[in-house]
Amino acid sequence: MAAQGSHQTEKRLCVGLLAHVDAGKTTLSEAMLYQAGVIRAFGRVDHGDTFLDTDAQERSRGITIFSHQANLTWKNLRLTLLDTPGHVDFVSQTEQVLRVLDCAIMVVSARDLITSHARTLWNLLDFYHVPTFVFVNKLDLSELSKADIVQRLKQLDQGIVPFDGTETEELAELDDALLEKYLENDSIDRTDVLALIRQRKAFPCFFGSALKLEGIDALLHGLADFAPELESRNEFGARVFKISHTEKKERLTWLRVFGGS
């Protein structure tokens with residue numbers, strides 16, 4: 001595969017974070033914001049001081065109830081992060097966000113891996129055809145090897161592939177035409193990998209511990225190199241993904257603008 005160096009042109013992505021409750025999704029968003037220098041102090045869910053869980057109920061219960069957004073810049077990548085609720089009772093909030101994403105990060109706990117709600121979220125991502133990255137969190141708390149974890153994750157989809165520099169052959173095997181190209185040239189191009197991810201044939205998998213800030217740079221690097229962008233439009237186009245209210249009861253409508261002004 002071609003070298004994975006970041007491109008100089010600025011890349012803009014709207015990325016949603018999805019997970020079963022307690023997988024560490026909000027902690028991952030906190031780690032990404034901290035690593036990018038957006039926040040100076042690394043908050044914790046159990047301390048009630050994370051950047052994105054701003055509602056009093058969320059801080060007291062230690063869960064995300066509403067979708068929240070934040071912006072970060074990491075090298076040539078500009079990310080709008082949409083943190084979604086992980087509790088099954090608030091899945092409708094999550095589903096509204098899926099319609100506006102360039103791609104998603106599915107966070108799974110290395111201890112729990114595939115829960116029933118994780119399967120529900122995966123099926124929703126498939127229904128809305130959202131290109132998806134996988135981040136295996138809490139790796140330090142699992143006795144399983146990375147290979148064992150991946151084998152279990154493949155119950156969701158055989159296209160889940162660890163992006164650790166040795167993934168070329170496994171990616172090629174996901175598409176017959178690409179496999180022929182790989183056998184002829186002993187390599188595949190970055191554009192081929194992007195196509196696999198966009199078509200939801202491949203799902204890049206990364207590992208780490210958000211609480212210990214491990215694996216965050218690799219995930220950001222993977223997004224910068226391989227996350228597909230939605231095609232921009234010349235005419236105006238937008239979709240509402242959230243309705244909220246200010247303290248003065250003013251209604252706020254949140255839009256993802258796809259083109260125009």
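Note that these values count all heavy atoms, side chains included, but never hydrogens, waters or copies made by symmetry.
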Review point. Run the side chain to side chain contact (heavy atoms under 4.5 Å, CB included) check on Lys25 and Phe135 step by step: do they pass?
Key: CA-CA 9 Å; Lys25 169 183 53 59; Phe135 184 78; over 6 Å; no
Review point. Side chain to side chain contact (heavy atoms under 4.5 Å, CB included) between Leu77 and Leu223: does it pass, once the steps are laid out?
Key: CA-CA 8 Å; Leu77 178 65; Leu223 291 169; 4.0 Å; yes
Review point. Could you go step by step and tell me if Ser109 and Asn137 meet the side-chain hydrogen bond (donor to acceptor under 3.5 Å, both in side chains) rule?
Key: CA-CA 5 Å; Ser109 166; Asn137 193 26; over 6 Å; no
Exercise for review: Quick one: do Thr115 and Arg119 satisfy side chain to side chain contact (heavy atoms under 4.5 Å, CB included)? Show the steps, please.
Suggested key: CA-CA 6 Å; Thr115 65; Arg119 288 185 183 275; over 6 Å; no
Check your understanding: When you look at Asp192 and Leu171, which way does the side chain to side chain contact (heavy atoms under 4.5 Å, CB included) test go after all the steps?
Key -> CA-CA 9 Å; Asp192 297 323; Leu171 287 170; over 6 Å; no
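Closest non-hydrogen pair, Pro228 versus Asp102, comes out as O-CB, 3.6 Å. The two residues Val15 and Leu101 have their closest heavy-atom pair at C-CD2, 3.9 Å. Contact record, Leu113 with Ala110: CG-O, 3.9 Å, taken as the closest heavy-atom pair. Nearest heavy atoms, Ser142 versus Ile149: OG-CD1, 4.3 Å. The heavy-atom pair separating Ile39 from Glu30 by the smallest distance is CD1-OE2, 3.3 Å. Nearest approach of Tyr182 to Ala172, heavy atoms of both residues: CB-CB, 3.6 Å.
Put simply, the side chain of Asp189 never gets that close to the backbone of Thr191: no donor and acceptor are under 3.5 Å apart. With Ser209 contributing its side chain and Leu139 its backbone, the two residues share no donor-acceptor pair below 3.5 Å. The main-chain N or O of Val130 is found under 3.5 Å from a side-chain atom of Arg200 such that the two form a donor-acceptor pair.
With a 4.5 Å cut-off on side-chain heavy atoms, Val134 and Phe207 do not count as touching. Residues Lys11 and Arg78 fail the side-chain proximity criterion, which asks for heavy atoms closer than 4.5 Å. Side-chain contact check for Asp83 versus Gln69: every heavy-atom pair is 4.5 Å or farther apart. In this structure the side chain of Tyr34 never reaches within 4.5 angstrom of the side chain of Arg40, judged on heavy atoms.
Note that CG of Leu79 and CG of Leu220 are 6.5 Å apart. Values are rounded to the nearest 0.5 Å. To the nearest 0.5 Å, the span separating CG on Asp157 from CE on Met106 amounts to 12.0 Å. Rounded to the nearest 0.5 Å, atoms CD (Gln35) and CG (Leu213) are 5.5 Å apart. From Leu183, atom CG reaches atom CG of Leu179 across 4.5 Å, with rounding to the nearest 0.5 Å. One distance of note links NE2 of His221 with CH2 of Trp74; it measures 6.0 Å at 0.5 Å rounding. Taking NZ of Lys201 as the start and CG of Leu196 as the end, the distance is 6.5 Å to the nearest 0.5 Å.
More than 12 heavy atoms of other residues, nucleotides or ligands shown are found within 6.0 angstrom of CD on Glu235. The local environment of CZ in Arg152 is sparse, with at most 12 non-hydrogen atoms from other residues, nucleotides or ligands closer than 6.0 Å. More than 12 heavy-atom neighbours from other residues, nucleotides or ligands sit within 6.0 angstrom of CZ on Phe236.
Contacts classified as side chain to side chain donor-acceptor pair (under 3.5 Å) and involving residues 122-131 (residues at least two apart or in different chains) are given here: Glu95-Tyr128, Arg99-Tyr128.
For Thr80 and Asn71, the side-chain atoms include at least one donor-acceptor pair closer than 3.5 Å. Between Ser187 and Asn185, the side chains place no donor N or O within less than 3.5 Å of an acceptor N or O (distance only, hydrogens not considered).
No option in Leu98, Thr132, Leu18 other than Leu18 meets the side chain to side chain contact (heavy atoms under 4.5 Å, CB included) test with Leu121. Across Asp164, Val108, Leu153, a single residue satisfies side chain to side chain contact (heavy atoms under 4.5 Å, CB included) together with Cys205, and that is Leu153.
For Pro204, the side chain to side chain contact (heavy atoms under 4.5 Å, CB included) partners are Phe133, Phe163, Ile197, Phe206, not counting sequence neighbours.
Between Glu170 and Lys154 there is a salt bridge, with a side-chain nitrogen of the basic residue lying less than 4.0 Å from a carboxylate oxygen of the acidic one. Between Asp112 and Lys138 no salt bridge is recorded (no basic side-chain N to carboxylate O distance below 4.0 Å).
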